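Here is the structure we will look at, set down as structure tokens.
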Amino acid sequence: MKFRWLHALLLLPFVACSQPRSNAAIAHGFVDADGHAILVSRLPAARIVSTMQSVTEWIVKLGEARRLVARTDYDHEPELASLPSIGGGLEPSAEVIVRLKPDVILGWRDHSSADLAVALAPFHIPVLSFETTDTADVFRNLARAGELVGQPARADSLAAALRHDLAAVGHDACMEHPGAPETVLLVLWTDPPMTAGGATWMSTLLGAACLRNVFADVASAWPTVSLEAITARQPRWILTSRGQPGQRLEELRGKPGWRELAAVKAGRILEIPGDLFARAGPSLPDAARAIIAARRAIEHPMTQP
């Protein structure tokens, strides 16, 4: 089941790493996700190209959308509608970016950012890579975005609001579902099965929905697991991105191994919009609410509008 958003998700820096991830500011620069010093010609940066949707969302939330000079096909904020698109964001054209004359490029910690940095080196355009594995990265990225656009105090305020919102959503969810949180399998890919481990922002998201990652004990951030391991753990729920009504359940019921899972047999498939499923940014509380609503719709179908 190759969900449409997953071509982007699988190329994100969703591979566990043990390299330093310090994001401390250095003069007019930063330390990127690989520990390299990246110098930015001026702060706040006046012209920014962001290939990372969650960071783009933070810049808009910070009230600094005017500093963005391009968007990707996955950026849907109305403030960015008039900007030129650089495509999906994973393989942006160096030639197009040069014409935009940005002060800095913001991107994922992956090969595309590294390749782009090499291509743009003759033009002295810095590429600053971001890590997004756990929730700590989410807050580091917000703080760094705040410094880049000259809004560190506003970034601190947004961070506090995000923490409060996630805690409030989690409290209400667990009041609705007292007792031990039920288990859920996050499906990032089905063939072979790919999921999220315990030390990821996705596990934190599940906690905010009063659910427990069935692979919370796995140290790897984005492991490939076997159907045998999934069957042995028998998750109560399965969480995936939203397709057409009934599409995900039909797909899983058509797959050997998957169709034998109790959650699939019972139709306990939680679906949320792909943008919420794959973004670790300001929409995290909305993603948790979407999971809660999807669960409620299955448990109490007669009460749904």
Side-chain angles (χ1 to χ4, degrees), residues 1-12 14 52-54 56-57 72-78 88-90 132 138 165-166 169-170 172-173 176-177 181-196 200-215 222 230 235-255 258-259 261-305:
M1 178 169 51
K2 297 186 178 180
F3 309 149
R4 287 178 292 178
W5 57 268
L6 199 52
H7 75 284
L9 183 61
L10 289 180
L11 292 178
L12 305 186
F14 280 3
M52 185 175 182
Q53 289 75 43
S54 59
T56 300
E57 289 176 335
T72 73
D73 292 342
Y74 299 103
D75 295 316
H76 308 304
E77 292 78 9
L90 293 176
T132 307
V138 175
D165 205 0
L166 283 172
V169 172
D172 291 347
E176 184 176 345
H177 300 284
E182 295 184 351
T183 58
V184 61
L185 170 69
L186 282 151
V187 178
L188 305 182
W189 201 263
T190 58
D191 190 19
M194 181 181 177
T195 188
T200 61
W201 62 267
M202 282 189 163
S203 280
T204 301
L205 172 62
L206 292 178
C210 203
L211 291 166
R212 181 173 63 84
N213 184 352
V214 76
F215 282 100
W222 316 105
I230 296 172
R236 174 73 177 173
W237 299 91
I238 292 176
L239 174 61
T240 182
S241 66
R242 181 176 296 164
Q244 296 299 316
Q247 177 185 348
R248 301 302 186 220
L249 180 57
E250 181 181 356
E251 289 172 347
L252 291 176
R253 283 178 171 170
K255 287 183 173 292
W258 290 94
R259 61 189 174 214
L261 295 174
V264 175
K265 289 180 179 179
R268 292 190 295 269
I269 310 301
L270 305 172
E271 300 179 33
I272 65 173
D275 281 349
L276 294 178
F277 192 81
R279 294 189 184 185
S283 61
L284 280 173
D286 292 332
R289 293 186 186 98
I291 295 169
I292 294 165
R295 177 179 179 180
R296 190 179 293 137
I298 293 172
E299 292 181 327
H300 309 289
M302 301 303 295
T303 64
Q304 301 305 305

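Every value quoted in this text rests on a predicted model; they were computed, and no experiment measured them. We use all heavy atoms of the structure for the numbers below, so side chains are in, but hydrogens, waters and symmetry mates are not.
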Polar side chain donor-acceptor pair, Arg279 to Thr132, under 3.5 angstrom: no
Which residues satisfy the side-chain hydrogen bond (donor to acceptor under 3.5 Å, both in side chains) test with Thr56, sequence neighbours excluded? Ser50
Do Glu251 and Gln247 get their side chains close enough for a donor-acceptor pair, meaning under 3.5 Å? yes
Please identify each residue that fulfils side-chain contact (heavy atoms from CB on, under 4.5 Å) with Ala266, with sequence neighbours left out. Arg268
Within this structure, what is the CG-CD1 distance for the pair Leu276 and Ile291, rounded to the nearest 0.5 Å? 9.0 Å
Taking only residues two or more places apart in sequence or in another chain, which ones pass salt bridge (charged side-chain N to carboxylate O under 4.0 Å, His left out) with Glu299? Arg295
Atom of Arg259, atom of Gly254 and distance for their closest heavy-atom approach: NH1-O, 3.6 Å
How far does CG of Leu211 sit from CG of Leu270, to the nearest 0.5 angstrom? 7.0 Å
Taking only residues two or more places apart in sequence, or in another chain, which ones meet Ser203 in a side-chain hydrogen bond (donor to acceptor under 3.5 Å, both in side chains)? Asn213
Set of side-chain hydrogen bond (donor to acceptor under 3.5 Å, both in side chains) partners for Glu176, sequence neighbours left out: Arg296
Would you please name every residue forming a side-chain contact (heavy atoms from CB on, under 4.5 Å) with Leu249, sequence neighbours left out? Arg253, Val264, Ile269
side-chain contact (heavy atoms from CB on, under 4.5 Å) partners for Arg289, two or more places apart: Asp165, Val169, Pro285, Asp286
Has Thr240 got a side-chain atom pairing as donor or acceptor with Glu271's backbone, closer than 3.5 angstrom? no
Could you pull out the closest heavy-atom pair between Ala196 and Phe215, with the gap in Å? O-CB, 4.0 Å
Contacts of Thr183 meeting side-chain contact (heavy atoms from CB on, under 4.5 Å) (sequence neighbours excluded), chain-then-number -> Arg212, Val214, Pro235, Arg236
